[in-house]
Amino acid sequence: MVLLGAALLIGCCLLLLSPPITAGPVATLYVYAVTPLRARALEQKIEESMPGVDVTVFGKLSDFKAALESTPPDAALSPKPVLASLNRTADIQGVKAGSDAEQYLLVSTRALTKEMLSGLRYGIVDLVERKSLPKFVAGLLGVSTAPEVQRVTKIEDLLQLLQFQTADAVLLPERFRSDFESRSKMTFTILSLSTAKVGLVAVTFLSERQTVEGAIRRLPKHVLADLGVDEWK
């Protein structure tokens, strides 16, 4: 009896000292988005709004793609062209003001005409794989010849391309125009081309859908704004 009592006492002590068991995330979401926010900052904002979902935001398209292939999540969120380049369909689509695409602007420090577009060097935040990017940019420009393209990982990098003249022009989402211009004393020429439309962020489901979709559809307006949309369809 003494031994039994001692064993029970020790067992109780171990239970008291053991850390509480908490349920881990029930679903996983990978995110790649064109945004001025750092990946970690965006990750925190999304994850705080999606309890029960483990969110990982990638700052590079190559890392996003590699993770999708090596450790597939339950769902992935990225601009529609990114999903298309990875042979994934958009199961739910983000929209802004009723449109599922956003206008990209052509920004340069030199005078621009539509006739000269084929011969320029361009910068753009990565949206498709490297080998496909020149053709993708040609489509945005409405030209038949694929131009020289330099891809970057952040919006602020586009400004540096113009400052150091390593690109003649950059393609910038229109929603970032005001902030982009305010960051520099350079004078910009800006063209809005009818062909320069890029699909907004969308979500593809690889496994668990119900939990993730519900959480995504409940994201608050300020987080949706960071992703460049105002609702889902």
Hey, could you give me the [atom1]/[atom2] distance between [X] and [Y], rounded to the nearest 0.5 Å?
| X | Y | atom1 | atom2 | result |
| --- | --- | --- | --- | --- |
| K80 | D100 | NZ | CG | 5.5 Å |
| L140 | L105 | CG | CG | 11.5 Å |
| L83 | Y32 | CG | OH | 12.0 Å |
| L42 | L37 | CG | CG | 5.5 Å |
| L106 | L172 | CG | CG | 10.0 Å |

Is the closest basic N to carboxylate O distance between [X] and [Y] below 4.0 Å?
| X | Y | answer |
| --- | --- | --- |
| E129 | K65 | yes |
| R38 | E156 | yes |
| E174 | R177 | no |

Please find the pair of heavy atoms, one from [X] and one from [Y], that lie closest to each other, and give the distance.
| X | Y | answer |
| --- | --- | --- |
| F176 | I155 | CD1-CD1, 3.6 Å |
| L200 | K96 | CD1-N, 3.7 Å |
| L68 | A76 | CD2-CB, 3.8 Å |
| L206 | T204 | CD1-O, 3.8 Å |
| R175 | G228 | NH1-CA, 3.4 Å |
| I124 | V149 | CG2-CG1, 3.9 Å |

Quick one, [X] and [Y] - any side-chain contact, counting heavy atoms below 4.5 Å?
| X | Y | result |
| --- | --- | --- |
| D91 | T89 | yes |
| V107 | T189 | no |
| Y104 | V125 | no |
| Q103 | S192 | yes |
| L171 | L158 | no |
| K197 | E102 | no |
| D168 | R110 | yes |

* Asked: Would you call the rings of F180 and F188 parallel, tilted or perpendicular if under 30° counts as parallel and over 60° as perpendicular?
  -> tilted
* Would you say Y30 and M50 are hydrophobically clustered, going by side-chain heavy atoms of ILVMFWY under 4.5 Å? -> no
* Asked: Hey, any chance L162 and L191 share a hydrophobic cluster, counting ILVMFWY side chains that come within less than 4.5 Å of each other, even indirectly?
  -> yes
* Asked: So which of R151, K154, K60 actually passes side-chain hydrogen bond (donor to acceptor under 3.5 Å, both in side chains) with D126?
  -> R151
* Structure fact -> In short, side chain to side chain donor-acceptor pair (under 3.5 Å) pairs touching residues 224-233 with sequence neighbours left out are K45-D226
* So, D54 versus T28: side-chain donor-acceptor pair below 3.5 Å or not? -> no
* Would the number of heavy atoms belonging to other residues, nucleotides or ligands and lying under 6.0 Å from CD of E148 be above 12? -> no
